[in-house]
Every structure is written in C-alpha cells, then in structure tokens.
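The structure under discussion appears below in the form of structure tokens.
This is a predicted model, so every value here is computed, not measured. The figures that follow rest on heavy atoms only: side chains count, while hydrogens, waters and symmetry mates do not.
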Amino acid sequence: MSLNTEEDTERGRRRVLTPGSLLSVVSATVLIDSLILVFSCLIIWSVGGYLMLSLVPFGILTLAVALPAVWACVAVAVLAFHAETDPENN
C-alpha cells in the first residue's frame, strides 16, 4: 500500500473524491486537530502559569509547543485524506 498518489495513478487506481469522502476528511481533521490544539493551549497555559513566565519566555514556550502542534495538525490532515480517499477503502 502506497501513500504516493503518483504511484497510484501509474497503476491505474485513482483516489475517490466524492462529497462524502471529503466531508469525512474534514470531519476527522477537525475532530483530532481540535483535541491537539486544546491540549497544546492547556500545556502552554499551565506551564506558563506554574513558572510565572514573563512575556518573552512565554512567547518562547508558545513557539516551542505550537510548532510541533501545527506539524501534528497537518500530518493528521494528510493521513485523513489518504485514508478516506483510498480506493481500497471505498
């Protein structure tokens, strides 16, 4: 099973792009990404409050937590797209 769409088109298989599959991609992405973002904000708020960080260290903490969280959100969106539009699943 390949995640590369170019290999899929070479084999004659095409991704299933229907309104239902795209709605499933958006729904799964919103559900999981909202959890990731809520817990990231809770981590920033709790650590910043516990350590009584001023503005600059709080910004650095926010950047240190936000970058992996955004990466995880994008990875979830890509995985959801590949899972929901895979011809073998539909």
Under a single-linkage rule joining Ile, Leu, Val, Met, Phe, Trp and Tyr whose side-chain heavy atoms are separated by less than 4.5 Å, which residues share a cluster with [X]?
{"X": "Leu63", "answer": "Leu67"}
{"X": "Val30", "answer": "Val26"}
{"X": "Ile32", "answer": "Ile36, Val76"}

> Which residues pass the side-chain contact (heavy atoms from CB on, under 4.5 Å) test with Ser21, sequence neighbours left out?
Replying inline: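 By the side-chain contact (heavy atoms from CB on, under 4.5 Å) rule, Ser21 matches Thr18, Thr85.
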>> I need the Leu23 CG to Glu84 CD distance, nearest 0.5 Å.
In response: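 Rounded to the nearest 0.5 Å, the CG-CD separation comes to 9.5 Å.
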> Rounded to the nearest 0.5 Å, how far does CG of Asn89 lie from NE2 of His82?
Replying inline: 12.5 Å
> Taking only residues at least two apart or on different chains, which pairs with a member in residues 33-45 satisfy side chain to side chain donor-acceptor pair (under 3.5 Å)?
Replying inline: none
> Which pair of non-hydrogen atoms, one from Leu22 and one from Phe81, has the smallest distance, and what is that distance?
Replying inline: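 Distance-wise, the nearest heavy atoms are CD2-CE1, 4.5 Å.
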List the atom pairs, donor and acceptor, that lie under 3.5 Å between side-chain atoms in residues 46-62 and the rest of the protein, sequence neighbours left out.
unit_1	atom_1	unit_2	atom_2	d
Ser46	OG	Leu42	O	2.9
Ser46	OG	Ile43	O	3.2
Thr62	OG1	Phe58	O	2.8

> In chain order, what residues pass the side chain to side chain donor-acceptor pair (under 3.5 Å) check against Ser27, with sequence neighbours excluded?
Replying inline: none
